[in-house]
Novice: 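This is the structure I have questions about; it appears just below.
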Protein chains: 2
Amino acid sequence: MRKQKSGPKNLGEFEILVLAALVRLGADAYGVTIRREIEDRTGRAVSVGALYSTLARLEEKGYVGSRIGAATAERGGRAKRHYVIKAEGQAQLQRSATALGAMLKGVSPWPEILNRLATL
Amino acid sequence: MRKQKSGPKNLGEFEILVLAALVRLGADAYGVTIRREIEDRTGRAVSVGALYSTLARLEEKGYVGSRIGAATAERGGRAKRHYVIKAEGQAQLQRSATALGAMLKGVSPWPEILNRLATL
DNA sequence: ATATATTAACTACAATGTAGAACAAATTGA
DNA sequence: TCAATTTGTTCTACATTGTAGTTAATATAT
């Protein structure tokens, strides 16, 4: 019989996209920019609801942290909630990306991102 | 009011893993080998239920096809159901892998992220 | 025949994904 | 001032995916 460790939960595909966006955006990560980043890079539509509920779940799991920032002086410049990926989130992102890469390598045009992630 | 179905749906993470396994295994793809392929390559446990229900859903969506093969002369050699990825499935797999790759590509400033974690 | 190994299907529920409306806060301009 | 406008977040409701565990089928071994 085959037996393996049943470690932490796996990330869903959209969760991976969101965590990756957080890494890319750094300090500029908040609702609107995260959404735009994913839409621009993947060409896939992202509804606000999908984004915020996913962020909330990632935060519950301790993968990301957030805090309300100061309001800016722009029109409609309501205070933003800034998100940041935490160590646990990084570890999970790396695990999921590595697993995906192991399966996709040689199957689909998979940049050598995975190799980079694995060495972080 | 019932929700309207839109264009091609996005693949979930596990669905991606399964489709990729089908590509890797080719003609040898059936329940047991698919499961083993994913477990061996990703190090992640895969329950039989998870696998078969995912295969059934992928088949419903027209992403994979299957047919019962001839029984072999091995012990417990019950006839296997062989799975094959279809053109539509390959296209979807390609799309999902590309989207993921676009987000993961160049994800590098990890040190900076770690620094900002302290301020949260 | 009956025990057991191997493979497949089914059941029930948990976790994730998604859309869109509602709500909130700030700016602009008559 | 205050209604319209812009930017941004939260809430509601449900669909889709992910998973474990159970049950069934079919072969071999004894």
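Note that these values count all heavy atoms, side chains included, but never hydrogens, waters or copies made by symmetry. Throughout, protein chains are lettered first and strands after them, A, B, ... in sequence-line order, and every chain is numbered starting at 1. Values in this document were obtained by computation on a predicted structure and should not be read as measured data.
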Novice: If you measure from OH on Y83(A) to CG on L25(A), what distance do you get to the nearest 0.5 Å?
Specialist: 13.0 Å
Novice: Please report the shortest heavy-atom distance between E13(A) and N10(B), naming the atom on each side.
Specialist: OE1-CB, 4.2 Å
Novice: Please determine if a side-chain N or O atom of S47(B) lies less than 4.0 Å away from the OP1 or OP2 oxygen of dA20(D).
Specialist: yes
Novice: Please evaluate the base of dG17(C) for a donor-acceptor partner in the side chain of R57(A) within a cut-off of under 3.5 Å?
Specialist: yes
Novice: When the distance from CD1 of I68(B) to P of dA24(D) is rounded to whole Å, what number comes out?
Specialist: 18 Å
Novice: Between P on dA24(D) and CZ on R81(B), what's the gap in Å once rounded to a whole number?
Specialist: 18 Å
Novice: Whole Å only: how far is the CZ atom of R44(B) from the C1' atom of dG18(D)?
Specialist: 8 Å
Novice: Can you tell me if K80(B) touches the phosphate of dA9(C), counting only side-chain N or O atoms and a distance under 4.0 Å to OP1 or OP2?
Specialist: no
Novice: Would you please confirm or rule out a distance under 4.0 Å between OP1 or OP2 of dT19(D) and any side-chain N or O of N10(A)?
Specialist: yes
Novice: Looking only at side-chain atoms of E15(B), point me to the closest of dT17(D), dT18(C), dT19(D).
Specialist: dT17(D)
Novice: State, yes or no, whether a side-chain contact exists between E88(B) and Y63(B) at a heavy-atom distance under 4.5 Å.
Specialist: yes
Novice: So, E39(A) and R44(A), do they make that salt bridge, N to O below 4.0 Å?
Specialist: no
Novice: Between dG17(C), dG8(D), dT19(D), which one does the side chain of F14(A) approach most closely?
Specialist: dG17(C)
Novice: Specify the separation, in whole Å, of atom CD1 of I16(B) and atom C1' of dG18(D).
Specialist: 13 Å
Novice: Examine dT9(D): is either OP1 or OP2 under 4.0 Å from a nitrogen or oxygen in the side chain of Y30(A)? Give yes or no.
Specialist: no
Novice: For L51(B) and dC10(C), give me the distance from atom CG to atom P, rounded to whole Å.
Specialist: 14 Å
Novice: Rounded to the Å, how far apart are Y52(A) OH and dT10(D) P?
Specialist: 7 Å
Novice: So for T54(A) and dT18(C), does any side-chain atom that can act as donor or acceptor lie under 3.5 Å from a complementary atom in the base?
Specialist: no
Novice: Just the rounded figure in Å: distance from P of dG18(D) to CG of L58(B).
Specialist: 8 Å
Novice: Return yes if a side-chain donor-acceptor contact under 3.5 Å exists between E15(B) and T54(B), otherwise no.
Specialist: no
Novice: Where is the tightest heavy-atom contact between I38(A) and F14(A), given as atom of each residue plus distance?
Specialist: CD1-CE1, 4.3 Å
Novice: Distance check needed: dG8(D) P versus Y83(A) OH, whole Å only.
Specialist: 13 Å
Novice: Can you give one letter per nucleotide of nucleotides 21-30 of chain C, 5' to 3': B if a protein heavy atom sits under 4.0 Å from the base, S if only from the sugar-phosphate, - if neither?
Specialist: B--BSBBS--
Novice: Hey, what do you get for CG (L104(A)) to CZ (R41(B)), rounding to the nearest 0.5 Å?
Specialist: 10.5 Å
